[in-house]
There are 2 protein chains.
Amino acid sequence: MASRSPASYERFSAQNLVVLAPLRAGLADSKAELAKLTGLSPSTVAARVDELIGLGHVVEVGDGVSRGGRRPRRLALRRDAGIVGCVDLGIDRTSIGLVDFSGELVSRSDIHLDIAEGPDRVLGRVWDECQKLVAADERHARLFLRGLSVGVPGPVSRVDGRVIAPSRMPGWNGVDVARLLGDISGVPVLVNNDANLMALGEFASGDRSQPDQVFVKAGSGIGCGIIARGELFVGSRGAAGDISHVAVLDAAPVPCSCGRVGCLDALASGNALVREMQNSGREVPNVEAMIALARDADPVATRLLREAGTMTGGVLATIVNFFNPDRLVIGGVLSQSEVFVAGVRSTLYAECLPMATGDLTIATPARPDDCGLLGAGTAFLDRMFSEQGV
Amino acid sequence: MASRSPASYERFSAQNLVVLAPLRAGLADSKAELAKLTGLSPSTVAARVDELIGLGHVVEVGDGVSRGGRRPRRLALRRDAGIVGCVDLGIDRTSIGLVDFSGELVSRSDIHLDIAEGPDRVLGRVWDECQKLVAADERHARLFLRGLSVGVPGPVSRVDGRVIAPSRMPGWNGVDVARLLGDISGVPVLVNNDANLMALGEFASGDRSQPDQVFVKAGSGIGCGIIARGELFVGSRGAAGDISHVAVLDAAPVPCSCGRVGCLDALASGNALVREMQNSGREVPNVEAMIALARDADPVATRLLREAGTMTGGVLATIVNFFNPDRLVIGGVLSQSEVFVAGVRSTLYAECLPMATGDLTIATPARPDDCGLLGAGTAFLDRMFSEQGV
DNA sequence: GGAACTTTGTTTGATTATGGAATAAGGTTC
DNA sequence: GAACCTTATTCCATAATCAAACAAAGTTCC
């Protein structure tokens with residue numbers, strides 16, 4: 001959440017933001033609609049729009065269809081007014097992408113990168129790769145890279161922006177990623193937890209009429225992001241959504257890295273499942289292989305994935321009752337396993353009251369591979385198009 | 001959450017609200033402070049304040065202390081600019097109070113009232129009692145009752161404001177309390193769940209620097225209210241916070257009214273505890289008697305209360321990990337039992353990571369008997385002093 | 001084909017909100 | 001008592017906004 005702004009960018013005035021917000025959200029696409037939505041007079045809207053056109057942030061994109069009178073001249077955000085470099089740092093694989101001002105992914109690159117190499121080497125490599133992406137496209141080369149937005153596989157303090165006790169990121173404890181990458185790149189940098197950004201990405205590219213959502217990232221570890229009232233919720237410290245060490249009902253006493261036994265992460269995460277397979281005498285290289293085995297009806301893999309789904313669903317049942325979200329999204333690698341998702345679903349419906357699940361949508365991500373990067377972009381753009389700025 | 005406004009009240013302009021908000025929150029008490037806080041120029045602040053003084057909502061209350069120059073003329077909200085009738089509907093006891101514009105309780109009355117008598121009789125009686133309160137105080141009799149704010153011991157739909165499937169309120173299912181009471185009284189009425197309002201009351205009369213709080217009402221039933229980013233969170237449907245039917249770890253298979261077994265409400269609520277006592281051959285009339293027994297070191301009562309605390313703490317552990325609140329308040333009758341509270345506390349600290357509980361305050365309500373009424377008042381005033389109005 | 005109506009967009013002058021600077025009022029400090 | 005500080009007020013310039021009239025570009029229906 002923290003940011004450093006080595007090359008701070010112009011901030012939008014509150015007045016312009018009133019007009020920009022509906023355009024960005026797709027709630028209005030003409031001056032008349034803007035006037036209706038904002039309550040401003042037509043003349044005021046015209047003045048604001050003219051200024052934004054002059055600034056190069058809004059463009060007229062032809063005529064709309066008439067609704068019984070003069071047809072509207074359609075307005076849109078200039079998506080190529082700039083780009084944001086988005087990074088989804090993983091344990092051994094990192095995705096880097098460029099997102100335009102409309103929030104859409106315009107290019108991406110996936111590289112193998114061991115996070116244990118440490119912040120300096122990893123972030124240096126990330127910046128190199130990002131510059132390559134910018135240079136690769138003739139169009140982008142002329143565009144202004146407004147900043148970077150990074151998701152990391154561990155908790156990020158909201159107080160000082162540092163990575164806190166990341167169990168899967170040796171050498172990163174207490175590191176101020178925003179500052180480090182800001183110094184390397186010279187552009188503003190935002191940092192957040194990866195599951196939080198995936199939640200935001202899935203929300204922003206999906207149905208915004210469901211303002212309360214929970215996104216579970218069931219990957220090698222288990223994380224979770226919360227959207228409350230249409231905004232990312234991270235709590236005062238930034239650690240909200242961390243369900244790794246929630247105790248599981250009727251669980252086997254498997255020891256966890258946190259020192260206790262029976263944590264969700266120690267039982268139902270991708271890592272835990274691979275370990276369990278090996279304990280059963282079945283060597284699998286990774287979760288993906290295990291999911292493939294389950295698809296081929298391997299009994300052990302199927303059972304373990306189903307059980308993991310059940311355990312995850314049990315924890316989510318409490319959360320659904322408590323938070324009562326409109327939508328629950330099951331993401332991460334494990335969400336590619338039908339057995340796992342079925343386990344989550346059936347447990348949720350069994351353990352929640354109909355009142356809580358009646359209007360609840362349970363889904364997998366619309367764009368499983370992109371939601372992390374899209375969320376990083378959304379986080380940056382939401383802030384840039386706010387009074388705070390970047 | 002729903003309201004009907006048979007006698008709608010003047011709405012504050014957005015400009016006046018900018019000045020009113022800091023005054024109400026106690027963040028500023030002079031023109032200079034207002035100017036600093038809002039970023040407005042001194043002349044603008046003066047104009048706004050003058051208007052509010054003219055409207056009778058702000059008063060000058062003498063001089064403040066100098067900080068090295070001319071001393072400020074202290075400003076304050078006129079607390080006697082009006083009153084709000086607040087109601088905390090219980091199963092067999094109802095509290096009614098009057099709250100002034102500063103949010104403080106100025107008078108109250110507790111009456112025995114069986115909620116099973118049905119909406120018409122109960123609400124009629126409530127309105128009678130409220131009018132008595134207003135008439136009782138010479139000062140209030142001249143004041144304007146701006147509206148009513150009611151807490152009910154069951155879920156309230158945010159969509160249509162109706163009471164939904166309230167297990168403890170026979171005859172109230174689907175009732176639009178706001179409309180009914182609005183028709184009876186002729187003033188605007190707000191309705192919300194009682195635990196939600198208690199959370200709000202405890203938050204508003206306490207430390208507002210802790211914006212994320214969870215309030216557990218452990219009474220004859222178990223409810224819960226959520227404050228997120230300093231505002232009451234009820235979810236899209238209004239049912240957020242309902243943890244009655246969350247499954248308890250390692251629970252006895254006690255059947256619940258919802259049709260399942262092992263729900264928190266069936267195991268750890270006041271009703272459940274009284275039933276358990278009776279099953280052990282010990283007749284107790286109510287939870288209060290049981291708590292008294294535990295204070296006298298009765299082994300059965302003590303064990304049951306401790307176990308109830310442990311079970312409640314187990315459920316809250318998941319919630320604390322997920323929501324990561326700044327503060328957790330244990331309220332309701334059961335919070336008067338030290339054994340119960342100790343059970344919750346010890347379980348929470350045992351089952352949560354230090355990261356989640358390190359900065360977490362666990363407390364009982366500052367004003368256990370008042371927080372429901374105070375919350376009702378806050379809900380009404382917050383809305384009245386917002387652009388929405390009542 | 002044309003009159004009547006609709007919706008969208010623009011122009012104009014009046015109104016209102018706000019900011020800035022100068023000034024006054026009432027203090028403290030040394 | 002001189003210098004300085006904080007708070008409040010006044011007055012005028014400026015910026016933002018609105019209301020209303022008007023223009024533009026459609027549709028509808030006889």
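One interatomic measurement links the two molecules: CD of A:Glu51 to C1' of D:dA16, which rounds to 11 Å at whole-angstrom precision. Counting to the nearest Å, the P atom of D:dT7 and the CG atom of B:Leu40 are 17 Å from each other. One interatomic measurement links the two molecules: CD of B:Glu60 to C1' of D:dT9, which rounds to 12 Å at whole-angstrom precision. With rounding to whole Å, B:Leu34 atom CG is found 12 Å from D:dT7 atom C1'.
A search for side-chain hydrogen bond (donor to acceptor under 3.5 Å, both in side chains) contacts involving A:Asp50 returns nothing, not counting sequence neighbours. Residues forming a side chain to side chain contact (heavy atoms under 4.5 Å, CB included) with B:Glu60 (at least two apart in sequence, or on another chain): B:Ile53, B:Arg73, B:Leu75. Judged as a side-chain hydrogen bond (donor to acceptor under 3.5 Å, both in side chains), and not counting sequence neighbours, B:Ser386 has no contacts. Every residue meeting the side chain to side chain contact (heavy atoms under 4.5 Å, CB included) condition with A:Val59, not counting sequence neighbours, appears here in chain and number order: A:Val61, A:Arg78. Partners of A:Ser43 by side-chain hydrogen bond (donor to acceptor under 3.5 Å, both in side chains), not counting sequence neighbours, listed by chain and number: A:Ser41. The side chain to side chain contact (heavy atoms under 4.5 Å, CB included) check on B:Arg108 picks up B:Ser95, B:Leu105, B:Asp110, B:Asp369, B:Asp370, B:Leu373, with sequence neighbours excluded.
Sorted by residue number, the members of residues 41-48 of chain A with any non-hydrogen atom under 4.0 Å from DNA chain C read A:Pro42, A:Ser43. Less than 4.0 Å separates DNA chain C from no heavy atom of any residue of residues 13-27 of chain A.
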Ignoring hydrogens and angles, write down the donor-acceptor pairs under 3.5 Å from the side chains of residues 27-36 of chain B, residues two or more places apart or on other chains.
unit_1: B:Asp29; atom_1: OD2; unit_2: B:Arg74; atom_2: NE; d: 3.3
unit_1: B:Ser30; atom_1: OG; unit_2: B:Glu33; atom_2: N; d: 3.2
unit_1: B:Glu33; atom_1: OE1; unit_2: B:Asp29; atom_2: N; d: 3.0

N/O donor to acceptor pairs below 3.5 angstrom from side-chain atoms of residues 12-21 of chain B, sequence neighbours left out:
unit_1: B:Ser13; atom_1: OG; unit_2: B:Asn16; atom_2: N; d: 3.2
unit_1: B:Asn16; atom_1: OD1; unit_2: B:Arg48; atom_2: NE; d: 3.0
unit_1: B:Asn16; atom_1: ND2; unit_2: B:Glu51; atom_2: OE2; d: 3.4

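A pairwise comparison of heavy atoms in A:Ala228 and A:Phe233 identifies CB-CB, 4.1 Å as the closest pair. Smallest separation of non-hydrogen atoms from A:Arg229 and B:Leu232: NH2-O, 3.2 Å. Taking every heavy atom of both residues into account, B:Cys86 and B:Val99 meet most closely at SG-CG2, 3.7 Å. Shown here for B:Phe215 and B:Cys371, the closest heavy-atom pair between the two residues is CZ-SG, 4.0 Å.
Running 5' to 3' along DNA chain C, contacts with non-hydrogen atoms of chain B at under 4.0 Å begin and end at C:dA17 to C:dT28.
Ring geometry, A:Phe101 versus A:Phe385: the interplanar angle exceeds 60°, so the pair is classed perpendicular (tilted spans 30 to 60°).
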For nucleotides 21-30 of chain D, just jot down a letter per nucleotide in 5' to 3' order: B, S or -, based on protein non-hydrogen atoms under 4.0 Å. ---BBBS---
